[in-house]
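What follows is a set of notes on a single structure, which appears directly below.
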Amino acid sequence: MTVLVNPTALSDHKARDFKMLIDGKWEAGASDPIERVAPSHGVVVSRFPTGSKKDAERAIAAARKAFDLGPWPRMTAAERSAILLKAADLIEARAEELAFLDAIEAGKPITQVRGEIAGSVDIWRYAAALARDLHGESYNTLGDGTLGVVLREAIGVVSIITPWNFPFLIVGQKLPFALAAGCTTVVKPSELTSGSTLVLGEILQEAGIPDGVVNIVTGTGPEVGAVMTSHPDVDMVSFTGSTGVGKLTMSNAAQTLKKVSLELGGKNPQIVFPDADLDAFIDAAVFGAYFNAGECCNAGSRLILHKSIASDVVKRIAELSKAVKVGDPLNPSTQVGAIITPQHLEKISGYVAGARGSGARVAHGGETLDLGMGQFMSPTILEEVTPDMAVAREEVFGPVLSVLTFETSAEAIRIANSIDYGLSAGVWSRDFDTCLTIGRSVRAGTVWMNTFMDGASELPFGGYKQSGLGRELGRHAVEDYTETKTLNMHIGKRTSWWMPQTEKLA
C-alpha cells in the first residue's frame with residue numbers, strides 16, 4: 001500500500017454555500033445549514049440548506065402543477081430530447097467543477113470521479129435518444145369492428161432519492177430517464193454530498209427545463225425523504241441506498257400504492273476456477289474490492305476460490321494490494337480515498353474485528369490509517385472466512401475482501417446464493433460452459449464473465465432478492481417512468497348487444 005498525503009490541499013478552500021431549487025427559484029433553508037466536512041481533510045467544504053417537511057411539500061406541489069398544467073409532458077419527444085442533449089453538453093463543460101465537488105464531499109479519488117462524470121454525460125445522451133424511441137402498440141387483429149391501441153404515458157411526479165457514494169452518477173441513472181418520459185421530479189441528494197446535484201439544477205435551468213419540472217430539496221431522510229416517499233401527490237419513488245432504508249421507503253410508498261424502484265445493497269461474489277486467467281482475475285479482484293474505497297453496492301467483496309488455488313491467489317492479491325495508492329483524493333494518482341464519515345469507518349473496523357473473533361485471519365491490512373488528514377481504511381483481505389460469518393453475509397461497504405473456498409461448482413453456486421442479496425456476481429474460467437452454467441445459476445441481476453464491474457448505458461442494472469426492485473439503464477429505462485393505457489375502439493355499428501333489441505326498444 002502506497003500512502004499519498006497532502007494535508008494542505010484544502011487549507012485555502014473557501015466553503016461553498018448552496019441553495020435548493022423549488023419551482024425554478026433558489027432558496028436558502030429556514031434553519032442553520034448542513035455543513036459538510038471533507039472526509040479526506042477534516043475541513044468544511046460545503047454548506048447545504050436544511051430542508052424541512054414544508055420545503056418538500058412545496059417542491060412536490062410545484063412538480064404536481066408542472067405535470068398537470070405545464071408544458072413539459074406536452075412537449076414533443078424531440079423537444080425534450082434536445083434539452084437533455086444540451087444538458088449533457090453543459091455537464092461536460094462543467095465536468096471538472098462537478099468532479100471536484102464529489103471528490104471533496106465524498107472523499108472519492110479525483111481521477112475516478114472524472115470518469116464517473118464522463119459516464120454520466122453518456123447516460124444523459126442515451127436517455128435523450130430513448131426519449132424519441134418511446135412508443136406504444138397497436139392491434140389491428142381484433143376483428144373488423146375493433147382497433148386496439150396501447151399508449152405509454154408519463155407516470156407523473158417522481159421522487160428521486162440518491163446516496164452519498166456516487167452523488168452525480170446515480171442521479172444520472174434516474175433523472176434523465178424520468179425527464180425523457182415527460183415526468184416532473186423532486187430530487188433529494190444525500191445530505192453529505194449534495195453539491196454536484198445542486199450544480200446539476202443550474203445546468204438544467206440553463207438547458208431550458210421549465211420551472212417546477214426538476215426541484216432539488218436538501219436535508220435528511222426523516223424530514224425530507226419521508227414526505228417524498230409518502231405524499232399522495234407523488235406517483236413514483238426511485239430510491240438508491242441501503243436495504244434497510246429501501247424497506248422503509250417501500251413501506252411509506254405502500255400507503256398510497258406508489259410505483260417503487262429500488263436499487264439497494266449487495267454482497268457480490270466472484271467465483272474463480274483453477275483454469276481462469278489468474279493474472280487478469282487478481283487485478284480485477286483488487287479493483288472490485290477497493291474501488292471507491294469499497295463503498296459501492298457492486299463491490300466484489302466475496303471471493304469464492306477453488307481450494308486448489310486459494311492459498312496462492314490470496315498471496316498474490318495481498319502482494320498487489322501493497323501497491324494500491326491510498327490517500328488524498330485530490331491527487332490524480334490516488335486509487336483509494338477517504339471513508340465517508342468517522343462513524344462509518346468505525347462500522348467497517350467493527351466488521352473486521354468481528355471476523356477475527358469468529359476465526360477469520362487477516363491476510364493484508366485490517367487497520368484504520370491515521371494520515372493526519374481525515375479518516376482512511378487500509379485495503380483489507382480476510383481469509384479462512386466461512387459462509388455463516390457476518391462479514392461473508394452482510395454489506396460492509398468498505399475496502400474489505402472476504403475469501404471463501406469451494407470444491408465443486410454446485411458448492412460454489414450454493415455459497416453465492418446463500419445470502420439475502422443478489423445484485424451482481426462474477427465468474428472466472430476459460431471454459432465457456434462453466435461460465436454459462438454459473439451465470440445462469442447465480443441469483444443476481446448482473447453476472448460478469450472473466451471481467452468485473454464493467455458497464456454501459458445500454459445494459460440494465462438492478463438486483464434480485466433484497467438488492468432491489470426494477471432496473472435502471474438499458475433501452476427500457478424510460479418505460480419504467482410510464483404507465484400503459486389501453487384504447488379499445490369500436491368501429492362502425494354495434495354488433496354485439498347485451499340486451500335483446502326488442503326488449504331494449506320496448
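Taking all atoms of both residues into account, the shortest heavy-atom contact from Glu116 to Asn292 is OE2-OD1, 4.3 Å. Across all their heavy atoms, Pro163 and Thr193 have their closest contact at O-OG1, 4.0 Å. Of all the heavy atoms in Arg152 and Thr484, the pair that sits closest is NH1-CG2, 3.6 Å. Scanning all heavy atoms of the two residues, the minimum distance from Ser81 to Ala128 falls at OG-O, 2.8 Å. Heavy-atom minimum distance, Gln270 versus Trp428: OE1-NE1, 2.7 Å. Taking both residues in full, the closest heavy atoms of Phe48 and Ser194 are given as CZ-N, 3.5 Å, listed atom of the first, atom of the second, then distance.
Around atom CD of Glu346, no more than 12 heavy atoms belonging to other residues, nucleotides or ligands sit under 6.0 Å away. Heavy-atom neighbours of Arg16 CZ from other residues, nucleotides or ligands within 6.0 Å: above the threshold of 12. Heavy atoms from other residues, nucleotides or ligands lying under 6.0 Å from CE of Met250 number 12 at most.
Note: Leu175 CG to Thr162 OG1 = 10.0 Å, rounded to the nearest 0.5 Å. Rounding to the nearest 0.5 Å gives a distance of 10.0 Å between CZ of Phe452 and CG of Asp454. Once rounded to the nearest 0.5 Å, the distance linking CD1 of Ile419 with CZ of Arg302 reads 3.5 Å. Taken from CG in Asp235 to SG in Cys183, the straight-line distance is 8.0 Å, to the nearest 0.5 Å. If you take CG on Asn165 and NZ on Lys108, they are separated by 6.5 Å, rounding to the nearest 0.5 Å. Rounding to the nearest 0.5 Å gives a distance of 10.5 Å between CD1 of Ile348 and OG1 of Thr368.
Using a 3.5 Å distance cut-off with no hydrogens or angles, the side chains of Ser333 and Lys325 do not pair a donor with an acceptor. In this structure, a donor-acceptor pair under 3.5 Å is absent between the side chains of Thr243 and Gln466. Side-chain contact, Thr386 with Asp388: a donor N or O sits under 3.5 Å from an acceptor N or O. Using a 3.5 Å distance cut-off with no hydrogens or angles, the side chains of Thr240 and Lys174 do pair a donor with an acceptor. Under the 3.5 Å distance criterion, with hydrogens and angles disregarded, no donor-acceptor pair is assigned to the side chains of Tyr481 and Ser261.
A search for side-chain hydrogen bond (donor to acceptor under 3.5 Å, both in side chains) contacts involving Asp133 returns nothing, not counting sequence neighbours. Under the rule for a salt bridge (Lys or Arg N to Asp or Glu O under 4.0 Å), the partners of Glu319 that lie at least two apart in sequence or sit in another chain are Lys322. Residues satisfying the side-chain hydrogen bond (donor to acceptor under 3.5 Å, both in side chains) criterion with Tyr464, sequence neighbours excluded, are absent altogether. Every residue meeting the salt bridge (Lys or Arg N to Asp or Glu O under 4.0 Å) condition with Arg114, not counting sequence neighbours, appears here in chain and number order: Glu96. Residues satisfying the side chain to side chain contact (heavy atoms under 4.5 Å, CB included) criterion with Asp279, sequence neighbours excluded, are Asp277, Arg316. In this view, Ser308 and His306 satisfy the side-chain hydrogen bond (donor to acceptor under 3.5 Å, both in side chains) rule, not counting sequence neighbours.
Residues Leu278 and Ile309 have side chains in contact (heavy-atom distance under 4.5 Å, counting atoms from C-beta outward). Within the 4.5 Å cutoff, the side chain of Asp328 has no heavy atoms near those of the Leu371 side chain. Side-chain contact check for Phe18 versus Thr218: every heavy-atom pair is 4.5 Å or farther apart. Put simply, the side chain of Thr229 reaches to within 4.5 Å of the side chain of Ile161, judged on heavy atoms. Contact of the Leu423 side chain with the Thr446 side chain is not registered, since no non-hydrogen atoms from C-beta on lie closer than 4.5 Å. A 4.5 Å side-chain heavy-atom check between Asp275 and Thr434 finds every atom pair outside the cut-off. The side-chain heavy atoms of Phe168 and Leu101, taken from C-beta on, include no pair separated by under 4.5 Å.
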**OP:** Show the numbers, then the answer: is there a side-chain contact (heavy atoms from CB on, under 4.5 Å) between Met389 and Ser402?
**Re:** CA-CA 10 Å; Met389 293 182 186; Ser402 297; over 6 Å; no
**OP:** Just do the side-chain contact (heavy atoms from CB on, under 4.5 Å) check on Thr334 and Ile110 with the steps written out, would you?
**Re:** CA-CA 8 Å; Thr334 294; Ile110 187 71; over 6 Å; no
**OP:** Kindly indicate, with the supporting measurements, whether the criterion side-chain contact (heavy atoms from CB on, under 4.5 Å) is fulfilled by His41 and His13.
**Re:** CA-CA 11 Å; His41 291 80; His13 176 75; over 6 Å; no
Original post:
Val171 and Phe166: side-chain contact (heavy atoms from CB on, under 4.5 Å), yes or no, with the steps?
Top reply: CA-CA 8 Å; Val171 75; Phe166 292 93; over 6 Å; no
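Although no hydrogens or angles enter the test, the distance criterion places no donor-acceptor pair under 3.5 Å between the side chain of Asn268 and the main chain of Ala444. The backbone N or O of Gly195 lies less than 3.5 Å from a partner atom in the side chain of Glu105, making a donor-acceptor pair.
Aromatic pair Phe281/Phe273: ring centres not closer than 6.0 Å.
The existence of a salt bridge linking Lys307 and Glu411 is excluded, since no basic side-chain nitrogen approaches an acidic carboxylate oxygen closer than 4.0 Å.
Between Trp164 and His344, the ring planes lie perpendicular to each other; the angle is over 60°, past the 30° to 60° tilted range.
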